[in-house]
Structures are given as structure tokens and as C-alpha cells.
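I have placed the structure first, in the form of C-alpha cells, so that the comments after it can refer back to it.
Just follow the structure's listing: the first ligand is 1, and inside any ligand the first atom is 1. Only heavy atoms go into these numbers, but all of them, side chains included; no hydrogens, no water, no symmetry mates.
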Amino acid sequence: MTAEPALLLIDAGGTIASVPDDHGVLVGREGSAGLTAALPPVPYRLTERQAYAGLSEDMALADALRIADMVAVAEREGLAGVVVAHGTDTMEDVAFLIDLLHPGAIPVVFTGAQRAPGAPGADGMANLLDALAVAAHPAARGIGSAIVFGGRILSAPVAMKLDSSGPEAFGPQGAAIGRVDEYGVRLELLPRRRPPFDPVTPEPEVEIVALGLGSGGRQVDLLVQAGVRGIVVQGFGRGNVPGEVLPALERAKAAGVLLGIATHCIGGGTAPSYASGAALARLGAVPAGLLSARKLRLLLAVALGDGRPAAEAERLARDWLAPQA
Ligand code: ASP
């Protein structure tokens with residue numbers, strides 16, 4: 001008889017572990033969610049640990065690093081995989097941060113719920129069973145960090161919450177590397193992971209400036225005055241910005257701030273195709289490529305981590321983003 005795969009189940013709060021308050025508003029649970037006890041019998045040896053209690057909108061980098069530490073221990077202990085039950089709001093951020101830092105082969109599978117336990121159509125347990133099946137699957141070795149939600153398996157660099165209320169919350173659907181349902185796991189693609197970073201404390205002083213019609217440079221100037229070390233601009237289209245913003249970004253660069261440029265578009269990525277994008281490229285802004293602004297922010301935070309100078313961080317971030325041969 002083959003041994004049951006040993007998995008670590010990390011309780012990291014979120015809707016999957018939430019409870020309604022006296023007014024019916026969902027609030028984070030204080031103690032453990034007791035996820036293992038809520039599951040039907042499963043063919044895995046589960047160890048449950050709590051990394052965070054509460055809603056994921058309140059999480060900090062330190063909470064994400066606690067998850068990274070637990071993953072590292074699971075790898076050292078030779079477990080088959082890790083499942084992280086997490087709030088959906090910042091799941092893509094934490095999953096990506098783990099992907100940047102996880103050097104091992106064991107899969108780290110994030111999941112959660114859009115509907116609270118006990119609500120009609122609650123999706124948490126179905127997602128959790130799917131995530132456990134993926135984490136235990138031999139073909140999942142080497143996928144890095146992934147989000148399994150509503151039957152889709154999405155690798156962390158591309159996964160995004162695209163629906164704030166429905167059960168198929170994460171996409172883009174066409175970017176799924178596989179599917180999971182009651183018949184099992186079908187993992188069709190293996191993501192080409194970039195080399196992970198050495199363990200590091202990410203720089204918290206990296207902010208995102210989201211632009212709209214007629215935006216000027218005031219937010220950028222205020223952030224530089226406040227002493228940020230990195231700014232990611234979420235521009236339009238291919239990473240274009242109003243010309244009015246450029247002088248402020250030049251001032252930020254001169255002040256030693258590491259710049260990044262991303263787009264609000266879900267697909268297509270950035271390119272210096274237009275005048276403002278080309279000006280940003282000349283300024284040395286790190287282009288997000290296919291990463292979202294939120295993920296580029298985390299990449300810059302890791303690159304700037306442990307107090308690394310902006311020039312070195314820029315090189316590290318560009319190396320990570322470079323197209324793979
Ligand atoms: N606000 C919740 C959270 O991210 C949403 C969820 O978990 O679905 O924790």
C-alpha cells in the first residue's frame with residue numbers, strides 16, 4: 001500500500017475562515033479555523049498550522065513572510081506539498097511573493113472562498129479539496145506557487161482576482177495551467193519558473209500610483225517627499241502615462257527612487273511603443289512586462305530588500321523579468 005502524501009495545510013484567515021458579526025458583516029476569526037476538522041475523510045496526512053487570523057486586506061508583508069517560513073520548513077521536512085487557505089483579496093500578492101522566494105520543488109497551492117462557511121453555495125470546502133488534490137499530485141512538483149479556485153489552476157505570476165463576488169474569482173481563464181474537479185487533477189502545463197531570490201526582508205516603502213484621465217505628478221512628488229524607495233506607476237495601455245507625470249518621475253529618479261511601470265490592462269503587458277513609454281524606458285523605469293502593478297511592486301520590494309541600493313535592485317528586477325531563452 002502506498003503511503004498517503006503528507007501535506008501542510010496553512011490557515012491564513014480570509015472568508016474561508018470568517019464568521020459573521022452581530023450585523024451579518026464578515027469579520028476575521030480570532031482563533032484557528034479548524035479546517036482539517038471541517039473536511040470529509042481525505043487520503044492525505046494533514047498537518048494544520050495557523051499563519052494568520054483575519055481578513056487578507058489587513059495582512060502585512062510580515063504575515064506573508066510567516067507563510068514563506070512555514071513553506072521552507074515543509075520543504076525541509078520532505079512533505080509532498082503545502083496548501084494555504086487564504087483571503088482572496090490579497091491572495092495573488094502573497095502567492096506571488098512566495099513564488100519569488102520559494103526555491104523548492106514542493107507545490108504551494110493557495111485557495112479560499114468567496115462565500116463564507118455556512119452561506120448558501122459556500123465554496124470553501126470544494127476549493128480546499130481541489131487545492132489538496134493539486135498539492136498532493138506528483139505532476140505538481142516544480143510548479144512553484146499557484147492559486148486553485150473554482151476548478152482553475154493558475155500559476156502565481158499570472159493569477160488575478162477578476163470577480164469580487166462570484167465563485168470563479170480568479171483568472172484569466174485562458175492562462176490556467178490545468179483544471180481540477182471531482183474526477184481529479186489535470187495539470188497540462190508546467191510554468192517556466194524564474195530563479196527565486198535568496199531569503200530577504202522585502203522593502204515595505206514601495207507604493208503604487210494608479211493613473212486616470214488627466215492625472216498629474218502630485219502623488220509621485222508627495223511619495224518622494226514621504227521617503228519611499230520605490231514607485232510603481234500603473235499607467236494606461238502599453239504602460240503609457242500623461243506627459244504631465246514625467247517631470248515628477250524624473251524628480252523621483254533623481255532622488256534615488258526605483259521606478260517601475262505597469263499597465264491597468266489585464267493582458268498584453270508593457271512596451272515602450274509610445275512617447276511616454278519610451279521616456280519612461282530612458283528614465284530606467286523597470287517595465288512590468290506581463291506582471292500586474294501589484295506584482296511588480298512586490299518584485300521591486302524584494303529586489304530592494306535588506307536595504308539594497310536602487311541600482312542593484314533595478315538590475316535584479318530586470319534579470320528576473322528578462323525573457324527566458
Ligand atoms: N476580504 C476577504 C479577504 O480577503 C475576502 C475573501 O477572503 O474572499 O480576506
Side-chain angles (χ1 to χ4, degrees), residues 9-39 48-68 70-71 82-99 108-132 134-135 145-154 156-173 176 180 204 208 210 266 292-295 297-298 301:
L9 172 55
I10 299 178
D11 168 10
T15 294
I16 193 167
S18 66
V19 280
D21 70 6
D22 295 343
H23 309 284
V25 173
L26 291 177
V27 291
R29 188 190 291 264
E30 300 258 308
S32 155
L35 295 168
T36 309
L39 283 166
E48 184 171 335
R49 293 186 66 190
Q50 189 173 30
Y52 175 79
L55 299 174
S56 74
E57 52 268 46
D58 293 321
M59 282 177 95
L61 284 171
D63 300 309
L65 293 179
R66 205 170 313 118
I67 295 173
M70 289 183 179
V71 170
V82 178
V83 168
V84 187
H86 197 284
T88 56
D89 286 352
T90 61
M91 189 185 292
E92 69 207 62
D93 306 72
V94 178
F96 180 63
L97 186 62
I98 300 298
D99 204 56
V108 184
V109 181
F110 283 72
T111 197
Q114 289 278 68
R115 297 176 179 147
D123 51 344
M125 282 303 124
N127 282 334
L128 192 53
L129 287 168
D130 286 350
L132 291 165
V134 174
S145 171
I147 291 180
V148 168
F149 212 101
R152 296 176 188 150
I153 308 170
L154 294 142
V158 301
M160 298 173 90
K161 184 172 179 180
L162 297 177
D163 189 309
S164 66
S165 57
E168 290 181 349
F170 285 86
Q173 179 172 13
V180 50
I208 298 171
I266 288 165
S292 66
R294 276 162 59 173
K295 289 182 186 155
R297 168 180 174 261
L298 290 167

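With ligand atoms numbered from 1 in the order given, ligand 1 contributes 7 (O), 9 (O) to contacts under 4.0 Å with heavy atoms of G14. Each of the following atoms of ligand 1 lies closer than 4.0 Å to a heavy atom of E57: 1 (N), 2 (C), 3 (C), 4 (O), 9 (O). The contact set between ligand 1 and L55, taken as ligand atoms under 4.0 Å from a residue heavy atom, comprises 9 (O). Ligand-side atoms of ligand 1 in range of T15: 2 (C), 5 (C), 6 (C), 7 (O), 8 (O), range being under 4.0 angstrom from any heavy atom.
The environment of CZ in R49 is sparse: at most 12 heavy-atom neighbours from other residues, nucleotides or ligands sit within 6.0 Å.
Taking 4.0 Å as the cut-off, A113 counts as a neighbour of ligand 1 on heavy-atom distance.
The nearest heavy-atom contact from the protein to atom 4 (O) of ligand 1 is S56 OG, 2.5 Å.
Under the 4.5 Å side-chain criterion, counting only non-hydrogen atoms from C-beta, P167 is in contact with R115.
No donor-acceptor pair closer than 3.5 Å links the side chain of N127 to the backbone N or O of F149. At least one donor-acceptor pair under 3.5 Å links the side chain of D11 to the backbone N or O of G13.
Between H86 and ligand 1, no N or O atom pair is found at a separation short of 3.5 Å. Considering backbone and side-chain atoms together, T88 places an N or O closer than 3.5 Å to an N or O of ligand 1.
V108 pairs in a side-chain contact (heavy atoms from CB on, under 4.5 Å) with only one of the listed residues (D99, I67, V71, I10), which is V71.
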Residues R66, M59; criterion side-chain contact (heavy atoms from CB on, under 4.5 Å); working and verdict: CA-CA 11 Å; R66 205 170 313 118; M59 282 177 95; over 6 Å; no

